[in-house]
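Heads up: the structure comes next, in C-alpha cells.
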Amino acid sequence: MNIRMSGLDYDLAPIALREQLSFTKAAVAEAVACIRGMEGVLGAVLLSTCNRTELYLSCEEDSETDPGRLLCAAAGLGYQPFAGAFVTRTGEACARHLMEVACGLRSQILGEDQILTQVKTAAAIAREAGAADGVLETLFRTAAACGKTAKTGGRLTGVATSAAHQALRAARERLGELKGKKALVIGNGEMGRLAASLLVDAGCDTTITLRSYHHGETVVPAGCAVAPYDDRYAAMEGMDLLISATASPHCTIWTEDFSAVAHPPALLVDLAIPRDIQPEIGRREGITLLNVDDLGRGLGADEAAVQRVEAVVDEQMERFRQWGIYRESLPALEELKGALRRRMGAYVETDMDAEEAAALTIDKVVDLLAGGMTDGFTAEAIQACTAKIRTHTRA
C-alpha cells in the first residue's frame with residue numbers, strides 16, 4: 001500500500017505562500033481529477049483550508065511520485081518557490097498525520113471545530129470527481145472516525161476553537177467591551193455567519209454583507225442588519241470592527257478604496273485564505289490588521305486531553321494497519337482457496353466420497369495453518385475463529 005502526501009501548513013509556510021496554493025471547492029475537484037490521471041497515481045484527495053494545503057495520493061507500488069510537484073503542476077505553478085516549505089510523508093507517517101489533522105492536533109488553533117468537516121468534504125469532493133480509490137476512501141473514513149471519537153473526549157484547549165471565536169477574543173483584547181460597538185462582517189458563508197452571530201451575542205450592532213438575496217434561500221444571522229456587498233465601503237463608515245471571511249480568489253478590500261472611507265474601523269480581522277484585505281492597509285496609522293496566522297498564537301493545550309486524543313489516534317492507526325494487512329493478503333487468500341478446491345477435487349477423483357474429502361481437506365488446512373502461522377496463532381484466536389464459524393453456520 002503506497003500512500004504518500006505533501007503539504008504546506010502554517011509551521012513552515014507563511015500566509016503569503018499558502019494563499020498561492022489555496023483552492024476553492026470547484027478548483028479542488030478540477031485538481032484531483034487532473035492529478036488522478038497522472039502516471040503512477042491510483043487515487044488523489046486534496047485538503048485545502050486556511051491552515052494547510054495537503055495532497056494525499058495512493059500510488060502504484062513501484063511509484064515514487066512527489067505529491068508536491070504534482071500539486072504545483074495541477075495549479076500551474078512552479079515547484080521551486082514551495083520546495084522548502086513542503087513536508088512529505090509516506091506510509092504510516094502519512095496516515096497518522098491525517099488522523100492527527102482530523103482530530104485538530106495539527107491545527108494552528110488547537111482542536112479547531114471546522115477541520116473534521118473539512119476532511120470529510122475533501123474526501124467527498126474527490127469521490128464525486130472519481131479521483132479517490134479504495135485505499136484513500138478507507139484512510140479518510142478512518143481519519144473521520146478518529147476525529148469524531150476524539151471530539152467526544154472534550155476540548156484540547158480551554159479556549160473556543162474556531163477562527164471566528166478567536167477573532168472575537170482578539171477584538172475584546174484591543175477594543176475592550178464589545179457591547180454597543182459597531183461591527184461589519186463581509187462574507188455570508190459559514191465562517192462569516194458564525195462571526196456575525198457571535199458579534200450579535202456579544203452585544204455588537206452588527207451588519208453583514210450579501211452579494212445577492214433570495215427569499216427562503218439566503219441565511220441572515222438573527223439580529224444582523226444587511227448591506228449589499230457592492231456597498232461595503234460605505235457600510236464601513238463609523239464601524240469599530242470589520243471581519244472579512246469570503247471565499248473570493250482575490251482581495252475584496254483594496255487600499256485605495258479603503259483610504260477613501262472617512263471614519264474606517266480601527267480593527268480589521270481577515271479570516272480568509274487567500275486574504276480578503278490588502279496587507280498594505282495594516283500599515284496605516286491607527287489601523288490594526290490581523291490575519292488567521294495572528295489569531296492562533298499562544299493558545300495553551302490541555303495536556304491530559306491531548307494524551308486522550310493521541311490514544312484515539314493510536315487505536316485508529318491499528319485498525320487501518322490491520323485493514324492494510326488484510327487487503328495485501330487478499331491475493332494470497334484467493335490462491336489458498338484455489339489450492340484447497342484443487343486438493344479436494346483430487347480426493348474426490350480417488351473415489352473418496354464428498355464428506356470424507358471435505359473432512360480430510362479441513363484437517364490438512366488447519367494443521368498447515370497451525371504449523372505455518374506461529375505469530376498470533378493462540379488458543380484465544382482459535383476460539384474466536386471457532387465462534388465466528390458457529391455464528392455463520394447458525395445463520
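Predicted model only: the values in this text are computed from it and were never measured. Reckoned from all heavy atoms, side chains included, excluding hydrogens, waters and symmetry mates.
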(request) Take D62 and N2 through the test side chain to side chain contact (heavy atoms under 4.5 Å, CB included) and record every step on the way to the result. (result) CA-CA 8 Å; D62 58 349; N2 185 0; over 6 Å; no
Do [X] and [Y] land in one hydrophobic cluster if side-chain heavy atoms of ILVMFWY residues count as linked below 4.5 Å?
X: L42; Y: F140; result: no
X: Y233; Y: L210; result: no
X: V185; Y: L175; result: yes
X: L198; Y: L184; result: no
X: L136; Y: V101; result: yes

(message) By the side chain to side chain donor-acceptor pair (under 3.5 Å) test, which pairs, at least two apart or in different chains, include something from residues 178-204?
(response) none
Closest non-hydrogen atom pair, [X] against [Y]:
X: L57; Y: A44; value: CD2-CB, 3.7 Å
X: L98; Y: A143; value: CG-CB, 3.7 Å
X: T88; Y: P67; value: CG2-CD, 4.4 Å
X: P274; Y: P249; value: CG-O, 4.0 Å
X: A131; Y: A33; value: CB-N, 4.3 Å
X: G78; Y: P81; value: O-CD, 3.5 Å

Inspect the surroundings of [atom1] in [X] and state if more than 12 heavy atoms from other residues, nucleotides or ligands are less than 6.0 Å away.
X: E318; atom1: CD; answer: yes
X: E173; atom1: CD; answer: yes
X: Q322; atom1: CD; answer: yes
X: R319; atom1: CZ; answer: no

Donor-acceptor under 3.5 Å ([X] side chain, [Y] main chain):
X: S248; Y: H250; result: yes
X: E54; Y: L46; result: no
X: T255; Y: E280; result: no
X: E100; Y: V313; result: no
X: Q108; Y: N51; result: no
X: R275; Y: C251; result: no
X: E315; Y: A311; result: no
X: E237; Y: H263; result: yes
X: S58; Y: G43; result: no
X: R4; Y: T65; result: yes

(request) Give the ring-plane orientation class for Y56 versus H97, where under 30° counts as parallel, over 60° as perpendicular and anything between as tilted. (result)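 Parallel.
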(message) Once side-chain contact (heavy atoms from CB on, under 4.5 Å) is applied, do any residues pair with V200, and if so which ones, sequence neighbours excluded?
(response)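 V200 satisfies side-chain contact (heavy atoms from CB on, under 4.5 Å) with T206, C224 once adjacent residues are dropped.
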For a 4.5 angstrom cut-off between non-hydrogen side-chain atoms, does [X] reach [Y]?
X: S162; Y: L194; result: yes
X: Y79; Y: D66; result: yes
X: R172; Y: L168; result: yes
X: Y10; Y: I15; result: no
X: R284; Y: S259; result: yes
X: I253; Y: M236; result: yes
X: C50; Y: L271; result: no
X: C72; Y: L21; result: yes

Any chance you could measure [X], atom [atom1], to [Y], atom [atom2], to the nearest 0.5 Å?
X: I125; Y: K120; atom1: CD1; atom2: NZ; result: 14.5 Å
X: L268; Y: F258; atom1: CG; atom2: CZ; result: 4.5 Å
X: L295; Y: H165; atom1: CG; atom2: NE2; result: 13.0 Å
X: R327; Y: I325; atom1: CZ; atom2: CD1; result: 13.0 Å
X: L8; Y: L55; atom1: CG; atom2: CG; result: 11.0 Å
X: L242; Y: I186; atom1: CG; atom2: CD1; result: 4.5 Å

(message) Can you tell me which residue among L267, I277, V269 is in a side chain to side chain contact (heavy atoms under 4.5 Å, CB included) with L289?
(response)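 Among the candidates, only I277 passes.
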(message) Among R106, R52, R89, R18, exactly one meets salt bridge (charged side-chain N to carboxylate O under 4.0 Å, His left out) together with D9. Which residue is that?
(response) R52
(message) One pair to check against side chain to side chain contact (heavy atoms under 4.5 Å, CB included): M5 and L47. What are the steps and the verdict?
(response) CA-CA 10 Å; M5 62 77 62; L47 176 63; over 6 Å; no
(request) Going by the side chain to side chain donor-acceptor pair (under 3.5 Å) test, name the single residue among D276, N291, T209 that passes it with S244. (result) D276
(message) I'd like to know if R96 pairs up with D314 as an ion pair, taking the criterion as any Lys NZ or Arg NE/NH1/NH2 lying under 4.0 Å from an Asp or Glu carboxylate oxygen.
(response)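 Yes, R96 and D314 are salt-bridged.
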(request) Would you sort out whether W323 and F320 count as a ring pair (Phe, Tyr, Trp, His ring centres under 6.0 Å), showing the intermediate values? (result) CA-CA 5 Å; W323 175 85; F320 184 69; 5.8 Å; yes
(message) Between I243 and L199, is the side chain to side chain contact (heavy atoms under 4.5 Å, CB included) condition met? List the steps.
(response) CA-CA 10 Å; I243 295 177; L199 287 166; 4.0 Å; yes
